[in-house]
Amino acid sequence: MTSAAAASRPVRVFHSPRYFADIGEHVMPMRKFALVRDAIERSGLPVRLVEPEPVSDEDLLRVHTPEYLRAIATGEPRALAESQKFPWSPALAEAVRFTNGGCVAATFAALEDGVAGNLASGFHHAHADHGEGFCTFNGLVVALERARAEGRIRRALVVDMDLHYGNGTASLLASRPWAFALSIYGNWYKQNRAYRDVEAERAPDTENSWSVPVPGGSGGAAYLELLARHLGPAIDRAAPDLILYQAGADPFREDPYSPLDLTHDDLRARDEVVFRAALERRIPIAWVLAGGYTPDVSRVVEVHLGTFVAAVRAREAMGAAGDRER
């Protein structure tokens with residue numbers, strides 16, 4: 001497909017009403033998934049909303065233990081079933097199957113179209129045998145393992161711009177030297193607590209997982225400078241066939257957990273940098289939503305809509321550049 005043809009196609013974005021489970025009043029507003037979908041539909045931008053299939057046991061078992069899958073399916077033992085800090089229910093067990101299925105589907109759509117998205121998180125705090133920080137299954141690594149099992153990729157990079165360090169992803173990649181992660185964060189999630197007034201601790205680097213803490217109080221210029229300094233070298237070092245982008249809303253200045261001074265414009269600029277870096281190198285990129293705890297959920301929706309707008313603009317720019325080259 002030519003770049004112009006790719007730029008003229010609607011961007012596939014995955015969503016299902018089954019992403020939602022009623023967990024009562026909770027700091028993580030599950031209703032935002034549908035609100036983001038509605039905002040995208042109203043935007044007038046080219047989009048094709050697609051409902052994914054639920055993730056399979058086969059896909060999950062490449063990453064997670066059988067005991068953990070049974071706990072999520074049955075609710076027992078309850079402590080393990082609720083290790084991600086959501087109250088367990090059959091509806092929750094179904095919802096996490098669909099949200100992770102969306103991550104898998106967006107990955108394959110990006111491999112075909114260049115860019116695609118999933119209107120749910122990548123769940124970067126989930127470990128092989130338990131959940132953490134509102135993350136049940138690690139959809140990022142589940143999707144990468146599926147793509148690798150089918151021979152679609154050999155190497156991959158996760159670009160994690162959530163407020164919190166992607167500790168679950170780092171733990172899972174320790175045994176996967178073909179996959180890499182760059183985490184640029186303002187808080188290090190420790191023991192399921194976020195520290196608003198404590199300087200971000202630096203997580204240890206490994207051979208394939210790289211940690212970049214953002215100093216407390218940083219504004220857009222400092223944040224974007226850190227991204228520009230580290231993103232290109234990470235892509236060059238990983239040499240990925242695919243990038244998965246965890247586009248966090250929680251670095252936003254109004255988020256109760258954020259020590260950063262980032263506006264909506266700053267976060268849109270961040271998204272544009274990431275998408276352009278991938279598409280200019282002809283690397284497929286799939287994005288997922290993440291974080292966002294601002295009490296006014298419309299402010300969180302605005303961040304996530306900005307990510308979609310940045311994806312569309314970056315793809316259109318690449319199409320225009322391709323036309324000029326011809």
For residues Leu260 and Pro215, report the shortest heavy-atom separation together with the two atoms involved.
-> CD2-O, 3.5 Å
Using the ring of each side chain (for Trp, its six-membered ring), is Trp287 parallel, tilted or perpendicular to Phe308, with breaks at 30° and 60°?
-> tilted
Write down the atom of Pro259, the atom of Leu163, and the distance for their closest heavy-atom approach.
-> CD-CD1, 3.9 Å
Would you say the side-chain atoms of Thr169 and His124 include a donor-acceptor pair closer than 3.5 Å?
-> no
Geometric class of the Tyr293/His164 ring pair [parallel <30°, tilted 30-60°, perpendicular >60°] = tilted
Side-chain donor/acceptor of Asp255 to backbone N/O of Tyr257, under 3.5 Å = yes
What do the steps show when you test Glu82 against Trp88 for side-chain contact (heavy atoms from CB on, under 4.5 Å), and what is the final call?
-> CA-CA 6 Å; Glu82 296 184 344; Trp88 183 87; 3.7 Å; yes
Would you please say whether a donor-acceptor pair under 3.5 Å links the side chains of Asn138 and His127?
-> no
Ring-face cation contact, Phe108 with Arg146, 6.0 Å cut, 45° max = yes
Which word best sums up how the rings of His64 and Phe137 line up, parallel for under 30°, tilted for 30 to 60°, or perpendicular for over 60°?
-> tilted
Give a yes or no on whether the backbone of Leu35 and the side-chain of Asp38 come within a donor-acceptor separation of less than 3.5 Å.
-> no
Show your working on side-chain hydrogen bond (donor to acceptor under 3.5 Å, both in side chains) between Tyr185 and Ser211 and close with a plain yes or no.
-> CA-CA 8 Å; Tyr185 56 94; Ser211 161; 2.5 Å; yes
Test item: side-chain donor near acceptor, Asp160 and Tyr245, under 3.5 Å = no
